[in-house]
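Encoded as structure tokens, the structure appears first; notes follow it.
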Amino acid sequence: KPVSVKELLKYGQPPLSKESILDSVAYSQAELPVRLAKRVISFHRLPFIVGTNPHIARVYNQYYEAFDRLHAFAPVTDLDAEWEFTRALERQTQILVDVIPTIAQGFLECKQYMPREERATFINDLIRSRIGLRVIGEQHVALSYHSSARHKVRGSGGMDDVWVGTIHTKLLPASMMEQCGQMVQNMCELYYGTAPSYYVDGDVKETISYIPSHFEYITCELLKNAFRATVDFSAKTHRLSHPPIQITITKGEGYVGVRIRDQGGGITKENMRNVFEYSWSTMQKDSADDSGSGAGGSSMAGMSLQTNLALQQGIGGPIAGLGFGLPMARLYAGYFGGSLDIVSMEGYGCDVFLKLRSIEGSVEEKQI
């Protein structure tokens with residue numbers, strides 16, 4: 001059944017105790033096998049020819065194996081058994097991290113056997129489920145590490161006041177944007193040989209309660225698009241220098257807003273209808289039009305979609321081109337009640353508006 005974020009957070013309230021850790025593992029034992037079983041059933045409902053595709057069958061087997069291993073554990077009643085379960089949970093969570101590139105390759109090969117809307121629905125459900133599984137699983141793993149004296153080498157051995165499991169209760173978006181901007185700028189330099197500058201303004205001291213890895217994934221995907229578009233448009237219009245990318249932080253009642261403004265030429269009206277569709281990318285279209293030439297065309301030649309997507313899924317992967325970045329970023333943004341919108345001025349640039357609700361307080365009743 002759906003559970004609220006408030007219910008998930010209650011296990012990590014300091015000071016951590018043996019009882020709270022055992023309550024957390026009991027919740028994980030009750031919830032995760034059910035969610036995994038639902039994903040296994042969803043694969044059973046695929047058309048036979050789609051379900052037997054080797055890539056899709058591989059992901060199905062990974063979900064079935066994860067269900068089988070976690071379901072096989074007897075109810076945990078002591079900390080030694082809890083630690084064994086946590087180790088198994090961490091392994092299974094890591095195994096399921098890379099299912100998206102594999103499933104993308106499978107649906108690319110089977111797209112003629114399922115309508116586009118059905119494919120999108122299946123992928124959306126899979127990604128939402130994957131986020132929920134990771135939030136619940138990684139939350140317990142983080143709590144277990146924080147409470148365990150066995151792992152003092154990984155941290156202080158105790159729960160920091162600003163952390164509740166994987167949730168940072170005083171996350172500073174401006175600082176995160178500076179880090180992500182530097183990371184993507186370095187990526188752009190490596191990939192294109194040049195990169196625009198960027199700056200962060202607005203409510204730079206505002207904080208939010210959020211999962212840092214989610215914030216990083218969303219904003220890095222948005223920044224990769226902005227940097228790539230700016231460099232490409234400079235080459236197209238023969239600009240002598242790149243205009244800077246502006247990142248503005250705003251605060252609201254229970255949420256933080258981030259606007260990323262670039263001067264990368266914008267998105268055409270025709271392309272705007274497709275930007276949130278899976279496996280669609282302006283880079284793919286540009287590469288086809290340019291026959292693989294230009295700054296964005298040749299660098300991905302010779303790689304399969306699965307290889308490219310596997311690389312892109314990591315923060316340090318290719319700058320663009322696979323069509324999963326924006327739709328996945330929007331799903332991540334919306335998971336805790338946020339939103340992601342794009343306003344394009346064709347021939348000039350884009351404004352991307354990201355709204356993220358604080359996990360503590362405003363979305364505690366949000367169900368996952």
Side-chain angles (χ1 to χ4, degrees), residues 168 170-188 195-234 239 241-269 271-276 281-282 315 319-320 324-359 361-363:
H168 196 298
K170 299 291 182 183
L171 187 67
L172 197 64
S175 176
M176 290 290 293
M177 294 306 300
E178 287 282 3
Q179 295 174 32
C180 293
Q182 186 63 59
M183 188 186 308
V184 175
Q185 187 181 56
N186 292 341
M187 243 162 69
C188 192
S197 62
Y198 67 93
Y199 62 95
V200 181
D201 59 15
D203 298 315
V204 295
K205 296 184 182 298
E206 183 64 14
T207 63
I208 187 175
S209 176
Y210 213 73
I211 300 175
S213 60
H214 286 202
F215 188 98
E216 184 179 47
Y217 175 78
I218 297 166
T219 54
C220 279
E221 287 300 328
L222 300 180
L223 286 170
K224 283 195 285 186
N225 287 336
F227 274 79
R228 195 268 297 186
T230 300
V231 171
D232 282 353
F233 196 61
S234 292
R239 285 190 301 213
S241 61
H242 306 305
I245 292 169
Q246 180 185 8
I247 304 167
T248 303
I249 311 294
T250 64
K251 65 177 180 179
E253 189 66 35
Y255 72 88
V256 164
V258 179
R259 184 192 67 189
I260 300 175
R261 172 171 287 177
D262 68 65
Q263 297 178 44
I267 304 170
T268 66
K269 185 178 179 180
N271 288 344
M272 274 297 294
R273 292 194 291 263
N274 300 315
V275 292
F276 289 113
S281 168
T282 56
I315 295 298
I319 198 79
F324 268 65
L326 275 178
M328 283 186 66
R330 186 168 67 167
L331 274 180
Y332 269 85
Y335 194 77
F336 291 115
S339 61
L340 175 61
D341 299 289
I342 300 174
V343 176
S344 171
M345 185 177 290
E346 190 173 349
Y348 182 78
C350 284
D351 280 2
V352 180
F353 297 93
L354 174 65
K355 181 178 179 180
L356 297 176
R357 293 202 169 274
S358 183
I359 289 178
S362 61
V363 296

Q | Shortest non-hydrogen separation from Pro173 to Glu206 and the atoms involved | A | CD-O, 3.0 Å
Q | Contact summary for Cys188 and Val231, nearest pair of heavy atoms | A | SG-CG2, 3.7 Å
(Q) Could you check whether any side-chain N or O of Tyr198 sits under 3.5 Å from a backbone N or O of Glu178, counting only pairs where one atom can act as donor and the other as acceptor? (A) yes
(Q) Please tell me whether Thr250 and Asp203 have a donor and an acceptor in their side chains that are separated by less than 3.5 angstrom. (A) no
(Q) Checking Phe215 against His168 for the side-chain contact (heavy atoms from CB on, under 4.5 Å) test, could you report, in this order, the C-alpha distance in whole Å, the side-chain angles of both residues, the deciding distance, and whether it holds? (A) CA-CA 11 Å; Phe215 188 98; His168 196 298; over 6 Å; no
(Q) I'd like to check the side-chain contact (heavy atoms from CB on, under 4.5 Å) partners of Asn186; sequence neighbours left out, ordered by chain and number. (A) Gln182
Q.
Can you tell me how far apart CG (Asn274) and CG (Leu326) are? Round to the nearest 0.5 Å.
A. 12.0 Å
Q | Heavy-atom closest contact (Phe276 atom, Pro327 atom, distance) | A | O-CB, 3.5 Å
**Q.** Contact check, side chains of Arg239 and Thr230, non-hydrogen atoms, under 4.5 Å
**A.** yes
Q | Trace of the side-chain contact (heavy atoms from CB on, under 4.5 Å) decision for Thr219 with Leu354 | A | CA-CA 9 Å; Thr219 54; Leu354 174 65; 3.9 Å; yes
Q: Mind listing the closest non-hydrogen atom pair of Pro196 and Ile245 along with its distance?
A: CG-CD1, 3.9 Å
Q.
Does any part of the side chain of Val352, heavy atoms only, come nearer than 4.5 Å to the side chain of Asn225, both counted from C-beta?
A. no
Q) Among pairs that include at least one residue of residues 331-354, which meet side chain to side chain donor-acceptor pair (under 3.5 Å), considering only residues two or more places apart or in two chains? A) Arg130-Tyr332, Arg261-Asp351
Q | Separation between NZ of Lys170 and OG of Ser209, rounded to the nearest 0.5 Å | A | 9.0 Å
Q. To the nearest 0.5 Å, how far apart are CG in Leu356 and CG in Leu171?
A. 9.5 Å
Q) When rounded to the nearest 0.5 angstrom, what is the spacing between CZ in Arg330 and CD1 in Ile218? A) 12.5 Å
Q | Distance (rounded to the nearest 0.5 Å) between Thr248 OG1 and Met177 CE | A | 10.0 Å
(Q) Distance check, rounded to the nearest 0.5 Å: Tyr255 atom OH versus Ser358 atom OG? (A) 13.0 Å
Q | Flag for Ser234-His242: side-chain donor and acceptor within less than 3.5 Å | A | yes
Q. Nearest heavy-atom pair of Ala333 and Leu340: which atoms, and what distance?
A. CB-CB, 4.4 Å
Q: Measure across Cys180 and Glu216 and return the closest heavy-atom pair with its distance rounded to 0.1 Å.
A: SG-CG, 3.8 Å
Q. Yes or no on side-chain contact (heavy atoms from CB on, under 4.5 Å) for Ile359 and Ile211, after CA distance, side-chain angles and deciding distance?
A. CA-CA 8 Å; Ile359 289 178; Ile211 300 175; 3.9 Å; yes
Q: Check whether any side-chain heavy atom of Gln185 lies under 4.5 Å from a side-chain heavy atom of Met183, and answer yes or no.
A: no
